[in-house]
Amino acid sequence: MFKIITNEEVGPDIFKLALKYDQLPQKPEPGQFFNIKVSQELSDDPLLRRPFSIFDFKSEEKRVEFIYKVVGKGTKILSKLKNGTELDVLGPLGSPFSLNNMNKEINLIGGGMGIAPLFYLARKLEKQNAALKVYLGAADKSELKFFENKFSQLKSEIYLASMSEELTIQGTALDLWLKKLEKKPDFIYSCGPEKMLSAVEKEALRNNIIGEISIEKRMGCGIGVCLSCSCETKTEDKKNKRACVEGPVFELGEVVLDA
Amino acid sequence: MFKIITNEEVGPDIFKLALKYDQLPQKPEPGQFFNIKVSQELSDDPLLRRPFSIFDFKSEEKRVEFIYKVVGKGTKILSKLKNGTELDVLGPLGSPFSLNNMNKEINLIGGGMGIAPLFYLARKLEKQNAALKVYLGAADKSELKFFENKFSQLKSEIYLASMSEELTIQGTALDLWLKKLEKKPDFIYSCGPEKMLSAVEKEALRNNIIGEISIEKRMGCGIGVCLSCSCETKTEDKKNKRACVEGPVFELGEVVLDA
Amino acid sequence: MLNLERRDLDLKVSMKSKNNKSLKLKNPLVTASGTCGNGKELAEFFDINQLGAFTTKGITVKSQSGNKTPRIAETSAGILNSIGLENPGVDSFITDILPETKDYTLPILANISGYSKQDFITLAEKLEGKEELSGIEVNLSCPNIKGGGMVFGTDSEKVFEITKKVREIYSGYIIVKLTPNITNITETALAAEEAGADAAAMINTLSAMKIDIDRQKPLLANTFGGLSGPAVKPVAVKMVYDCYKKLNIPILGLGGVRSGADVIEFMLAGATSVGIGTVNMIEPSAGLRIIKEIEDYMLKHQIQNLSSIIGAAH
Amino acid sequence: MLNLERRDLDLKVSMKSKNNKSLKLKNPLVTASGTCGNGKELAEFFDINQLGAFTTKGITVKSQSGNKTPRIAETSAGILNSIGLENPGVDSFITDILPETKDYTLPILANISGYSKQDFITLAEKLEGKEELSGIEVNLSCPNIKGGGMVFGTDSEKVFEITKKVREIYSGYIIVKLTPNITNITETALAAEEAGADAAAMINTLSAMKIDIDRQKPLLANTFGGLSGPAVKPVAVKMVYDCYKKLNIPILGLGGVRSGADVIEFMLAGATSVGIGTVNMIEPSAGLRIIKEIEDYMLKHQIQNLSSIIGAAH
Ligand SMILES: Cc1cc2nc3c(=O)[nH]c(=O)nc-3n(C[C@H](O)[C@H](O)[C@H](O)COP(=O)(O)OP(=O)(O)OC[C@H]3O[C@@H](n4cnc5c(N)ncnc54)[C@H](O)[C@@H]3O)c2cc1C
Ligand SMILES: Cc1cc2nc3c(=O)[nH]c(=O)nc-3n(C[C@H](O)[C@H](O)[C@H](O)COP(=O)(O)OP(=O)(O)OC[C@H]3O[C@@H](n4cnc5c(N)ncnc54)[C@H](O)[C@@H]3O)c2cc1C
Ligand SMILES: Cc1cc2nc3c(=O)[nH]c(=O)nc-3n(C[C@H](O)[C@H](O)[C@H](O)COP(=O)(O)O)c2cc1C
Ligand SMILES: Cc1cc2nc3c(=O)[nH]c(=O)nc-3n(C[C@H](O)[C@H](O)[C@H](O)COP(=O)(O)O)c2cc1C
Ligand code: FES
Ligand code: FES
């Protein structure tokens, strides 16, 4: 059983949701997601769960946090739920980011709500003494504020970009990364709109940079049974991979992205 | 806008719901009902509103009260809603009990949740100095407790019956009424299961007693547009009447009841 | 043109038929027959003249008291009804109901149902020339009357025959309302068009039922009912989409509309006007909210003429 | 017998066919093809051997990578899918997937789809004699493959022809899965029975679509999809009810089941076994909960043998 302990607006239509759980089937890793039912018990609408990446996780407090944006019916309903509400939640699901980056130079590139899964990742990477540079972009500065605050609690270098206003630069997370990219990192992690990921991937591969991305695919089940989330791959056998089981984290160059 | 100020269990699966409103299109009268949407805003399920009779009304406090029993999906969902929840409510709807009973001898006969609409009625009748005898029945004693407490705050004589245990008697509200009926009342009001109403009506008509009943019909709209709630009448033209507009209060002998 | 404001928006639609007939609506919203009474009840909640058109409750030649109750059941995101066309009959409709509609400034459509071709002929004859009406909606799709409407509606030849007869008699605007309980709705729609219908309305309700598991009996007294409401919308949108590709007459799309977004969805699929049914039962002034939501969409996408989006999803 | 306790309850059902074939299930729950993978994934959540039977994801002669994404859309109380039968093809099914099912003790059914009569013949030939299988489900109703399954499924003659061919080849239990996108499903159901099907399964998904109003394009990459989930249940129950009166073979009823009450509803309508599809996508261990709810109903109504309620609402 999961219970809402925080559900508050932390940016324009951006909410922080903190849940307390009784127990979890396994320890959540960065890049994994939870699948949350937002409808009332017994109500058949909305029918499907909504997937959200782990923003942060604190095992001592039995607490898992998400940052979500209100974009449609499900997130709107979620944003109205009050503290104390019990939620039906499945997870952690999916394959996490790989985490064998002891002492390495790491770049994190996040666009929009794609920033959410990078925070718990960053926390974990810091524990491995990785040197982090974080590149965050969003349409408007106001969408970055909360993330900026959180990331500035870490030791990473932070760069910000928004389309509306010059921060570190005016532009996208990709522009920002390319502009600031001096030294080739050992590994990059990126999450954001598919078009951005596609561009990041192109630049990375061109520069022989390896890394991982996390993608958002419309999901039916989130547990691998329905094949709604199939991704075309660039691997030799071209066998599809499921974003909910083999993903949502994929290696750069592994799956076909919408450009 | 209506807001939940109380939603608490007052008997086995029986809840008291108190709502605070901003404004009402008209002053609610005993016998009228409100039609309450229990689903989340934007959710399409459950789709229909749920009709509940006014249990009590306090205009000074802008407060209207209902007593409802959890019987299915909608009432189950309603019972889970927390204080402070805003509800989409239509009403008051329907035709009320008639109230020109100054100084008369009145019997109220209520079975099960059919007791709910009789309380606000009783309060109003007392203001008219009517002499009230109240006959209440339910399957189990525990279902009567709350109502007994409430009615005992009035000056009416109260008689109780339950199927499970001897109170005033062991049996139904009808049994009780017949047993205790010494003097022919000037007017009766009754509400309860249709079979009970049918029996009450039969006895009343046989004894030339006049009065009114309130019936529960499955409703689509509650406002008279869909004809879901049509009642066959015994009037000469046999023209159907709508429980939601011409009812839910009908004169004894007016509509055809399931025996 | 950029920076459109609310007052710049044009929600008008024109249902121009092949027969050079036209039904002009100030906006695409048409009340669905049977879900809005005959206007009075909704008028207590808002000025119904703000809608595009009003369709009256279905009428038959003789008065009918309808099916036994329960006539309604709730299902997931939908309702089942088996009202069974309770109505006072066409004569009483003409003497009692039609005159009441004179107060309204919006177009009124009479919805007619029958048990035989002759019924439809009689109804068309009686309504021909009635000035209060902007047209009639021929219901060839009611699932709630035995041996009636729906049986005609699933047979293209019957649809053609009845439509043709009605067309010969009735000189006003004719909408033929089709049933979704069919393998291929484009066939009946084309039959209606060929027979001279000015527009096709789709969908009426889907044949369905619910069983009361405690009583172990069908919940509706009539055993079966018609499914409407949001649950059926995806089916309705597809039928409109399919027909838009084949038809040369305008489509009145309906089934499950609850919001402005739903109206837009039907129009993108190919509907010129859009019916609102079940939603009115839940929210009597839904029409007003929906108009506002359509405007919001037009503002967001800077669309000046709503009619420009008809069929745009193809 | 009064005062039945949980341990006294008998949930077994037997799908006895006219051909003297029988599928015996420990309870009526059958996983619906395509919604439960091939078992492994659900097995992480509970012991799937507690279900009545397992139906594998639909297979075709050749491997298929399925439709483009998005392949799924949510609708009111329902979902649209257009997976497009992504599967590794029958040969790989036999070598890779079938052996994995050996660990299961419950009956396994293979769901097969084709684009031609020859496809079904090939599939039946390849699966004939496979011991891991308790039977096959012939999908004559997939709306997501062009020129494929559903076209056959709406034509009684084609249903008869294909079923007959498959019957000649495959000696095990044959279920024919029917489409609801049809005027009268009893006709195709009877055709399947006459051709030798052991059971009829209904319903597959309803043809439907959703339009993305911001992009002004169909939301699914494949334009159309199949509607499933609670929204369609009232339609499915009616089809089962209608067929029960006409058929002499057992019915596997499905469409929108979410609870034990829904299973009971299908059985009262006439289903001997009941499929669970979409619900597993939302709640992987739904089957377990549903079995418990069925038992609760049996206790409440003091029903010892679940099979005694089949068709009881008639
Ligand atoms: C693995 C994964 C992790 C995610 N993590 C986050 C996160 O941390 N924060 C956040 O704000 N969002 C995240 N998303 C996106 C989030 O799931 C959607 O924004 C949300 O489901 C929208 O629901 P809705 O009902 O408001 O929108 P609607 O458009 O009403 O939803 C309709 C349907 O489409 C699906 N859908 C709509 N948009 C998306 C989308 N972008 N991606 C996937 N499915 C979608 C919904 O789940 C639902 O099934 C993630 C998505 C995935 C797949
Ligand atoms: C005018 C009126 C006044 C009422 N007043 C009260 C009251 O004061 N207290 C109270 O506890 N109950 C009252 N009822 C009954 C109450 O409306 C139902 O118990 C409730 O709607 C059940 O909803 P559900 O979703 O829990 O049940 P479900 O069975 O899941 O409901 C399914 C559908 O059937 C309808 N329905 C089910 N039972 C009834 C019923 N007995 N009467 C009418 N419709 C029904 C529901 O409204 C819904 O549309 C009243 C009914 C009417 C018509
Ligand atoms: C209670 C009710 C009564 C109806 N009566 C009629 C009718 O008399 N004539 C008709 O053509 N359609 C009738 N319909 C069908 C609706 O007009 C409409 O086609 C259908 O409900 C789908 O639209 P919706 O989902 O918006 O309700 C009725 C529907 C309902 C729910
Ligand atoms: C994602 C998905 C995939 C499906 N794949 C198949 C399939 O391969 N073969 C088949 O016969 N039916 C398939 N179906 C249909 C289901 O088996 C079932 O008939 C339908 O979904 C109705 O049941 P439900 O409402 O319980 O899901 C699929 C349904 C869904 C939702
Ligand atoms: S969402 Fe169902 S398989 Fe991935
Ligand atoms: S409930 Fe619709 S007319 Fe009474």
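Atom set for the values below is all heavy atoms of this structure, side chains included, hydrogens, waters and symmetry mates excluded. A, B, ... follow the sequence lines: proteins, then strands. Residue 1 opens every chain.
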Problem set entry | Crowding at CD, Glu9(B) (>12 non-hydrogen neighbours, <6.0 Å) | yes
Exercise. In terms of heavy-atom contacts, does CD of Glu41(B) have more than 12 from other residues, nucleotides or ligands at under 6.0 Å?
Worked result: no
Exercise. Got more than 12 heavy atoms from elsewhere within 6.0 Å of NZ, Lys124(B)?
Worked result: yes
Problem set entry | Value rounded to 0.5 Å, distance of CG in Asp44(A) from CG in Leu47(B) | 11.5 Å
Exercise. For Leu81(A), is it the side chain, the backbone, both or neither that has a heavy atom under 4.5 Å from a heavy atom of chain B?
Worked result: side chain
Problem set entry | Lys3(A), NZ atom: more than 12 neighbouring heavy atoms under 6.0 Å | no
Problem set entry | Exercise: identify the closest heavy-atom pair between Ser43(A) and Ser43(B) | OG-OG, 3.6 Å
Problem set entry | Atom of Asp45(A), atom of Asp45(B) and distance for their closest heavy-atom approach | CB-CB, 3.7 Å
Exercise. Among Lys76(B), Lys80(B), Lys73(B), which has the most heavy-atom pairs under 4.5 Å with chain A?
Worked result: Lys73(B)
Problem set entry | More than 12 heavy atoms of other groups within 6.0 Å of Lys150(B) NZ | yes
Problem set entry | Which atoms of Lys82(B) approach chain A - backbone, side chain, both or neither, heavy atom under 4.5 Å | side chain
Exercise. Heavy-atom distance under 4.5 Å to chain B: side chain of Ile77(A), backbone, both or neither?
Worked result: side chain
For this session: Could you tell me whether the side chain of Gln40(B) reaches within less than 4.5 Å of the side chain of Val38(A), counting heavy atoms only?
Result: no
For this session: Flag yes if more than 12 heavy atoms outside Gln23(B) fall under 6.0 Å of its CD atom; otherwise flag no.
Result: no
